[in-house]
Amino acid sequence: QVQLVESGGGAVQAGGSLRLSCAASGSIFSINIMGWYRQAPGKQRELVAVITSGGSTNYAGSVKGRFTISRDNAKNTVYLQMNSLKPEDTAVYYCNAAVLSGSYWGQGTQVTVSS
């Protein structure tokens, strides 16, 4: 079992920045890939960014160049630095941890960007 706790969401004006954190606990040795997903009202959940245990990253085209995912293995924490935020970035952001047998989700944190 893996438990994920997100923090760092909030409300910001367009052009602002936020940093999300996701702390993992439990069977963390089994985690392969960690990532951030988001779900806006009326839309499907979509991938934002992922990072492997080796540090390789991948981003959705809509956030590339503005968001940066990183992980601190010593703290079992993954971060999402979000810069130049846009109103269309408004969503609930979820942390995800992928293991061989499946994946785990955090409870989500709201990010609201006003114009």
Side-chain angles (χ1 to χ4, degrees):
Q1 293 288 329
V2 174
Q3 294 78 43
L4 303 172
V5 178
E6 301 121 332
S7 60
V12 65
Q13 288 190 330
S17 299
L18 285 172
R19 189 176 83 152
L20 305 183
S21 300
C22 173
S25 61
S27 301
I28 56 176
F29 60 89
S30 63
I31 297 175
N32 182 18
I33 298 173
M34 294 192 74
W36 289 95
Y37 291 71
R38 67 187 181 187
Q39 187 166 17
K43 295 188 176 181
Q44 289 190 332
R45 192 172 298 188
E46 62 177 3
L47 181 146
V48 177
V50 293
I51 184 167
T52 70
S53 56
S56 297
T57 59
N58 194 29
Y59 297 90
S62 60
V63 307
K64 197 171 294 185
R66 300 188 297 123
F67 292 10
T68 302
I69 190 170
S70 61
R71 65 194 288 174
D72 184 334
N73 290 328
K75 296 182 178 179
N76 303 315
T77 299
V78 64
Y79 304 97
L80 185 69
Q81 177 66 44
M82 305 185 293
N83 298 328
S84 302
L85 282 160
K86 304 176 181 180
E88 51 263 43
D89 295 318
T90 295
V92 177
Y93 284 70
Y94 296 91
C95 179
N96 176 271
V99 300
L100 283 179
S101 58
S103 65
Y104 297 89
W105 294 93
Q107 79 284 359
T109 185
Q110 177 70 46
V111 171
T112 302
V113 185
S114 59
S115 58

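Start at 1 with the first residue, then count along the sequence. Please read these numbers as outputs of a predicted model, since none were measured by experiment.
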For Thr57, the side chain to side chain donor-acceptor pair (under 3.5 Å) test, sequence neighbours excluded, returns none

Answer yes or no: is there a side-chain heavy-atom contact under 4.5 Å between [X] and [Y]?
X: Leu100; Y: Asn32; result: no
X: Trp105; Y: Cys95; result: no
X: Asp89; Y: Met82; result: no

Would you please classify the geometry between the Tyr93 ring and the Phe67 ring as parallel, tilted or perpendicular, with 30° and 60° separating the classes? tilted

Output yes when a side-chain donor or acceptor of [X] lies under 3.5 Å from a complementary backbone atom of [Y], and no otherwise.
X: Arg71; Y: Thr52; result: yes
X: Thr90; Y: Val113; result: yes
X: Tyr79; Y: Asp72; result: no
X: Glu6; Y: Gln107; result: yes
X: Asn96; Y: Tyr104; result: yes

Counting only heavy atoms not in Gln13, do more than 12 fall under 6.0 Å of its CD? no

Answer yes or no: does atom CD of Gln1 have more than 12 heavy-atom neighbours from other residues, nucleotides or ligands under 6.0 Å? no

Would you list the pairs meeting disulfide (SG to SG under 2.5 Å) in which at least one residue belongs to residues 31-82, sequence neighbours left out? none

